[in-house]
Amino acid sequence: MVRSDEADAFYFGVYSAIQEIPVGRVTTYGHIAALCGYPQRPRQVGVCLKHLPADPSMRHHNGNVPWQRVINAKGLISPRSAPSGARNQAETLRAEGVTVTENAMGELSVDFDTHGWFPETLPSEETSSQEGAEG
DNA sequence: ATTATGACTAACG
DNA sequence: ACGTTAGCCATAA
């Protein structure tokens with residue numbers, strides 16, 4: 001299933017970057033895209049995730065990609081993953097220690113200041129790692 | 001081949 | 001603060 005070298009590299013980069021997200025942290029589609037060297041293609045990150053199983057509990061796929069730690073730039077869990085996928089995603093995040101709150105409109109929100117993970121580069125690419133929530 | 005859609009986001013009004 | 005517009009491009013029809 002070789003789409004193209006470039007696309008394949010993008011997929012690989014996306015999955016790799018997501019796997020670098022620590023337990024109890026979340027980041028955004030745009031940030032994953034940027035880490036892969038494609039800051040203008042956050043949508044494609046969503047496309048990559050769509051290829052993964054909808055059930056985060058089974059995570060028996062492609063290299064255990066913890067896609068539940070990827071949310072949108074507004075700090076909300078993308079409600080389109082499945083009929084109740086966002087709900088399921090929220091439960092999985094809570095199991096990892098992430099505080100997920102629900103708005104009056106039923107939107108599932110995560111506080112970036114508490115759980116955000118936005119390194120400038122992949123920790124694996126750095127000789128020394130630094131991280132922390134910024135505000 | 002083209003048209004439409006979408007797990008997105010920054011910019012603009 | 002909120003809706004609209006523009007950019008992106010893999011998938012699906």
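Each chain gets a letter, A, B and so on, in the order its sequence line appears, and its residues count up from 1.
Rounded to whole Å, atom C1' of B/dT9 lies 15 Å from atom CG of A/L49. Separating the CG atom of A/N103 from the C1' atom of C/dC2 is a distance of 15 Å, rounded to the nearest angstrom. Whole-Å rounding puts the A/N72 CG to B/dA10 C1' distance at 13 Å. B/dC8 atom C1' lies 15 Å from atom CD of A/E107, rounded to whole Å. Rounded to an integer number of Å, the gap from A/R43 CZ to B/dC8 P is 6 Å. The distance from atom CG of A/L35 to atom P of B/dT9 is 13 Å, rounded to the nearest whole Å. Distance CH2 (A/W67) to P (B/dC8): 12 Å, rounded to an integer number of Å. Between the OH atom of A/Y29 and the P atom of B/dG6 there is a distance of 15 Å, given to the nearest Å.
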Practice problem: Start with the C-alpha gap between A/R87 and A/E102, add the side-chain angles, then the distance that decides, and say whether salt bridge (charged side-chain N to carboxylate O under 4.0 Å, His left out) holds. | Solution: CA-CA 10 Å; A/R87 237 8 244 204; A/E102 183 172 357; 2.6 Å; yes
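Of the possible polar contacts, one joining the A/H115 side chain to the A/T99 backbone as a donor-acceptor pair under 3.5 Å is found. No donor-acceptor distance shorter than 3.5 angstrom exists from the side chain of A/H31 to the backbone of A/A73, with no hydrogens or angles considered.
Under the 4.5 Å side-chain contact rule for hydrophobic residues, A/L76 and A/V100 do not share a cluster.
Along DNA chain B, the nucleotide closest to A/Q44 and the one closest to A/H31 are compared, and the more 5′ of them pairs with A/Q44.
Counting any heavy atom pair closer than 4.0 Å across all strands shown, A/Q40 reaches sugar-phosphate atoms only and no base atom.
Here A/Y11 reaches the OP1 or OP2 of C/dT11: one of its side-chain N or O atoms lies under 4.0 Å away. Using a 4.0 Å cut-off, no side-chain N or O of A/H51 falls inside it from OP1 or OP2 of B/dA7. Regarding contacts with the backbone of C/dC9, a side-chain N or O of A/R41 is found under 4.0 angstrom from either OP1 or OP2. Contact annotation: A/S78 reaches the phosphate of B/dC8 (side-chain N/O to OP1 or OP2, under 4.0 Å).
Salt-bridge formation is detected for the pair A/E96/A/R69: a Lys NZ or Arg NE/NH1/NH2 atom is positioned less than 4.0 Å from an Asp or Glu carboxylate oxygen.
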